[in-house]
Protein chains: 2
Amino acid sequence: MNFPEHKLIYYIQKWVDLSEADAASILAAFEPIAVKKKTQLLAPQEVCRYVYFITSGSMRSYHIDQKGTEHIYQLRLENSWISDLESFFSQKPSKYYIESMEDSTLLRISFDRLEMLYAEVPKMERYFRILFQKAYINALQRLNSTMWDSAEERYQDMVKENCDILQRVPQTYIASYLGITPESLSRIRKKK
Amino acid sequence: MNFPEHKLIYYIQKWVDLSEADAASILAAFEPIAVKKKTQLLAPQEVCRYVYFITSGSMRSYHIDQKGTEHIYQLRLENSWISDLESFFSQKPSKYYIESMEDSTLLRISFDRLEMLYAEVPKMERYFRILFQKAYINALQRLNSTMWDSAEERYQDMVKENCDILQRVPQTYIASYLGITPESLSRIRKKK
């Protein structure tokens, strides 16, 4: 077991207790990959074949609308997950890109392998139940905040929750993630 | 077993196979309640003690901001779930109201009882994993649509997905759920 694999077990164990046999089964189910900055792991019309755990680096998912404008969907640093779950779980074509923002290492698991893992290690079902539950709560909070808070409040929330991301991710991506123009973001940042 | 209880099993079985013993354990864990229209099941500062499955009627959750404006968070008809999951899973005070929009019947389960049920019927962990996964995907779609689509497109999506809700829920609630004014909603509806 090398370092990135241990990290996965460490983060899963924050939520569920794993035996050594469980940990071994989980590690056997994930495949490590390394990608250079700006590598695409998914493009529109492709089926999203994997769920990825980022062990180092950072990733984003985005889509490009009919006018050619890029919209950021997710921004993720190491020790978090990225995928297009809609495409992954339906095994239908995606509308999104997934791309590395830095040189990155990831652990990936395919749809069939994940189903096998749920059968082998039922605690993974519990882990993902908790993970999706938290992700759902966060998405609803982000939705409410988008509808009801000002862009400045949303930026300040992001500073509070994830200061690291602001240092490592281009400002244009942050603006798109917040649903505002880069000029508005720049004005908000100057006010601080 | 009466009719509303059967419904719960029917909807769970759409996603996981249950034995008769599983179904019996699940039904034993839920408690039926009946409420009149405009009954509050949760108010801000209270801990959300239950997850509710709506067997008949309809519910909404909302919050009231510092200016006194009401914002709708969730609109739910029969055969779906409602709760404040953030408060429920953290067992910390809620920021939301949950209220019936019609006379309604519900099945409720408490935090401790749900944890027991996961142990008794591990397939419930799988069911809620799938439920939260779908809810997360929907919340992200709603978020993207709020940031990037027009109010008219969002209304049309709602018409396509959930025509029934538009007949049964006051227009002011639909407008708030979409994050627009009742006047904008009225203009959009006239265009059709």
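Lettering of chains follows the sequences in order, A, B, ..., and the numbering in each one begins at 1. This one's a predicted model, so the numbers in the text were calculated from it and none came from an experiment.
- In this model, a donor atom of one side chain and an acceptor atom of the other lie less than 3.5 Å apart for A:Asp22 and A:Ser19.
- Counting only distance, with no hydrogens or angles, the side chain of A:Thr55 and the backbone of A:Thr105 share a donor-acceptor pair below 3.5 Å.
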Contacts under 3.5 angstrom, residues 172-179 of chain A side chains, donor-acceptor by atom type, not counting sequence neighbours:
{"from": "A:Tyr173", "atom 1": "OH", "to": "A:Arg60", "atom 2": "NH2", "distance (Å)": "3.3"}
{"from": "A:Ser176", "atom 1": "OG", "to": "A:Ile72", "atom 2": "N", "distance (Å)": "2.7"}
{"from": "A:Tyr177", "atom 1": "OH", "to": "A:Arg142", "atom 2": "NH1", "distance (Å)": "3.4"}

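- Highest contact tally toward chain B, considering only A:Phe128, A:Trp148, A:Tyr118, is held by A:Trp148 [criterion: heavy-atom pairs under 4.5 Å].
- Proximity to chain A is absent for every atom of B:Tyr127, based on heavy atoms less than 4.5 angstrom apart.
- Heavy-atom pairs under 4.5 Å with chain A peak, among B:Thr146, B:Leu140, B:Ile180, at B:Leu140.
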Exercise for the section: Run the numbers on B:Ser100 and B:Met59 for side chain to side chain contact (heavy atoms under 4.5 Å, CB included), then give the verdict. Expected result: CA-CA 4 Å; B:Ser100 51; B:Met59 309 291 299; 3.8 Å; yes
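- If you tally non-hydrogen atom pairs under 4.5 Å between each of B:Gln141, B:Arg126, B:Met147 and chain A, the highest count goes to B:Arg126.
- By number of non-hydrogen pairs under 4.5 angstrom with chain B, the leading residue of A:Ile130, A:Leu85, A:Leu131 is A:Leu85.
- A:Tyr62 pairs in a side chain to side chain donor-acceptor pair (under 3.5 Å) with only one of the listed residues (A:Glu99, A:Glu70, A:Gln74), which is A:Glu99.
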